[in-house]
Number of protein chains: 2
Amino acid sequence: MKKFVNDPNVVVDEMVEGYVMANKNVRALQEARVVARQDAPVKGKVGIVTGGGSGHKPAFIGYVGKGMCDAVAVGEIFTSPPAHAFYHAFKAADGGRGVACLYGNYAGDVMNVDMAVDMAEDDGIAVKQVIANDDVPSAPKGKEADRRGVAGEILMWKIGGAKAEKGGTLEEVTASAQKAINNTRSMGVGLSPCIIPAVGKPNFTLGENEMEVGIGHHGEPGIEKMDIRPADEVAQMMMDIVLPDLPMQSGDELCLLISGLGSTPLMELYILYRKVGKILEDKNISVYRSYVGDYFTSLEMAGVTVTLMKLDAELKELLDMPADAVHFKQL
Amino acid sequence: MKKFVNDPNVVVDEMVEGYVMANKNVRALQEARVVARQDAPVKGKVGIVTGGGSGHKPAFIGYVGKGMCDAVAVGEIFTSPPAHAFYHAFKAADGGRGVACLYGNYAGDVMNVDMAVDMAEDDGIAVKQVIANDDVPSAPKGKEADRRGVAGEILMWKIGGAKAEKGGTLEEVTASAQKAINNTRSMGVGLSPCIIPAVGKPNFTLGENEMEVGIGHHGEPGIEKMDIRPADEVAQMMMDIVLPDLPMQSGDELCLLISGLGSTPLMELYILYRKVGKILEDKNISVYRSYVGDYFTSLEMAGVTVTLMKLDAELKELLDMPADAVHFKQL
């Protein structure tokens, strides 16, 4: 294992320490492993909280900032943060109008958020949850509630965060975030595993010429392993799975997010974008806004996720608002 | 070779095609492989041009945008763009006040820029050059002019681009960019090679437990190969090489840029930042602004570069100005 680490058992603590040293607009709480906006809680604004396992940088702590998240509960690598971290994140984010907890559908996170919500309510803090389930291959149509949350979470934070900045109530913020994720579909293709520092060996194996279609963000098995194909065929395959799940019509507009999983060069993401864009053009579906880069990774996995969010007037307006998180800036 | 590519010989063309599809604020020229701001040339503003081989994303095309570069000449992977690409970049960028060509010290780039400058001057376009040479291990002290340009180029574009936006003359813009690079020192450590798609095999080899200290952005050999060490020791070693080259005193302020080379997780960059920040704190040198992420990569190489820019009042003011390039946004 060749990595820039010291003790593999404290990588998350050292990362958080480096992160808050590097970025003066954020702070780490003393009470629990939570990163918050320096100015949180923002009085009179609904607080936005998320959280999850580490190893997905810039998710989650990279999205703390104006227009996105107020506080983030930080877990060990690929492991849910404990309930008390979510609880302290809620306290740090509550500016008196309640907290929207916008996170991904993983059993540990759901359990810990539920407990934290109870704790917060005992303190008189209102918390409402939206659970992202955008990963199409993780459960069949009709069982959408079983699906995992993947890169679509970023769009949910963007929409919910913007609605909160605009002064929305807790109900309005969670309604907009829920609409965002209801309109969002993702899927991933993996080319290589990653190594969790404290484990020291790859988290799964793939043949020399093999790719995993529908892979999850922690290396969860996908739909099928198959030989690697040219980029255009991979893009076509992904769109053939994602697009029918959220039917779009000629004239529709969407947000397109193509994220690398860690070690896939940006060049390859744009080669995939080229084909995805053409597939959409052929259907007369227009890309209103796009994001291409390492937005939600799995340490150094090679691979990609494609995320589509169908837009309406409200989502477009919220998507266009500025954001100033460390790793998500929009003017 | 597992990559998302179609024909390995046209990866750069397909990348550029995807890039301009994804980003409506930029365009590709017809005359040569150049990416330019959609609104370039900006009348009355000094044009900022750079260019170089591909495979360093987001460098170079990711830095096209307001407050950064106006036009970028795009080469094949790790290969200089031809003179006519730089020439057309100059034409696309010239808003009537001349063009500052800010690029890295590589023989092919220097030769092609020189030829392009002659061509542009025949057209009556004034071009002045600043050549980045921030890579300390690439030549000894006293031979600074032989050093390569690496991630410090980004800070040179930021400073030069901001000076141009402020209305600086060509002389003022190049003077500020030159000051930026004069005040900047970098070095890299590599943990793994990368694969150029058209070659299909790694560009160099490293032992299973080996790192290369002082590696270049194309896998150029560094100072020494040695066994991998804990992150804190790597950070200390880098600072022991970089800091004495540009002596700083207690009370000085700097900009700190830690860039991954491609497949190194952001987590590891922040673990390195933690130690670099402490080393600077101990010397009472303060980090005025920092950037941590994949700013200048070598396809999927694992590794890191650390870049320090010593600041004065002018550099701080220019560093703080907003920027709106696709992969470099600052509010």
Side-chain angles (χ1 to χ4, degrees), chain A residues 2-7 11-12 14-19 21-23 54-55 57-58 62 189 191-192 194 208-211 228 230-232 234-235 256 258 262-275 277-278 287 290 292-294 297 299-300 302 304 322 324 327 329-331, chain B residues 2-7 11-12 14-19 21-23 54-55 57-58 62 189 191-192 194 208-211 228 230-232 234-235 256 258 262-275 277-278 287 290 292-294 297 299-300 302 304 322 324 327 329-331:
Chain A
K2 283 207 282 191
K3 285 177 175 290
F4 296 119
V5 300
N6 296 300
D7 177 353
V11 291
V12 175
E14 293 192 349
M15 169 193 73
V16 169
E17 194 182 341
Y19 187 74
M21 283 171 73
N23 300 298
S54 292
K57 299 281 116 15
V189 171
L191 299 187
S192 84
C194 60
E208 198 183 330
N209 207 29
E210 216 173 29
M211 64 180 183
I228 177 100
D232 285 1
V234 174
L256 172 54
I258 297 189
S263 64
T264 290
L266 197 45
M267 183 176 74
E268 297 176 37
L269 303 184
Y270 279 114
I271 290 173
L272 289 166
Y273 188 101
R274 171 181 167 272
K275 180 63 178 177
K278 286 182 181 184
V287 179
S290 68
V292 182
D294 281 354
T297 65
L299 294 170
E300 69 281 3
V304 65
D324 197 11
H327 290 282
K329 293 184 190 297
Q330 187 168 296
L331 280 82
Chain B
K2 284 206 282 192
K3 285 177 175 289
F4 296 119
V5 300
N6 295 301
D7 177 352
V11 290
V12 175
E14 292 192 348
M15 170 193 71
V16 169
E17 193 181 341
Y19 188 74
M21 283 171 74
N23 300 298
S54 293
K57 299 285 114 15
V189 170
L191 299 187
S192 84
C194 60
E208 198 183 330
N209 206 29
E210 216 173 28
M211 64 179 183
I228 177 100
D232 284 1
V234 174
L256 172 54
I258 297 190
S263 64
T264 289
L266 196 46
M267 184 176 74
E268 297 177 35
L269 303 183
Y270 279 115
I271 290 173
L272 290 166
Y273 187 102
R274 172 181 166 274
K275 179 65 177 176
K278 286 182 181 185
V287 179
S290 68
V292 181
D294 282 354
T297 65
L299 294 171
E300 70 280 5
V304 65
D324 197 11
H327 289 282
K329 293 185 191 296
Q330 188 168 296
L331 278 81

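Just so you know, these numbers come straight off a predicted model, no measurement behind them. Both backbone and side-chain heavy atoms feed into the values below; hydrogens, waters and symmetry mates do not. Below, read A as the first sequence line, B as the second, and so on, with proteins coming before strands; counting in each chain starts at 1.
Using a 4.5 Å cut-off on side-chain heavy atoms (C-beta onward), Thr297(A) and Pro265(B) make no contact. Inter-residue side-chain proximity for Lys3(A) and Met267(B) is flagged as unmet; no heavy-atom pair is nearer than 4.5 Å. Residues Tyr270(B) and Asn23(A) form a side-chain contact, since some pair of their non-hydrogen atoms from C-beta on lies under 4.5 Å apart.
Between atom CG of residue Asp324(B) and atom CD of residue Gln330(A) there is a gap of 9.0 Å, rounded to the nearest 0.5 Å. A distance of 6.0 Å separates CD of Glu14(A) from CG of Asp232(B), quoted to the nearest 0.5 Å. Distance check: Asn6(A) CG to Arg274(B) CZ gives 6.0 Å after rounding to the nearest 0.5 Å. Separation of atoms OG1 (Thr264(B)) and CG (Leu299(A)) is listed at 11.0 Å; rounding is to 0.5 Å.
With respect to Lys2(B) and Glu268(A), no salt bridge is recorded, no charged nitrogen being found less than 4.0 Å from a carboxylate O.
The candidate from Leu256(B), Val304(B), Asp294(B) with the greatest count of non-hydrogen atom pairs under 4.5 Å with chain A is Val304(B).
Leu191(B) touches chain A through backbone and side chain together, each having a heavy atom under 4.5 Å away. Contact annotation for Ala302(B): neither backbone nor side-chain heavy atoms come within less than 4.5 Å of a heavy atom of chain A. Only the side chain of Leu272(B) comes within less than 4.5 Å of a heavy atom in chain A; its backbone stays farther off.
Among Val234(A), Ile271(A), Leu269(A), the single residue meeting the side-chain contact (heavy atoms from CB on, under 4.5 Å) criterion with Phe4(B) is Val234(A).
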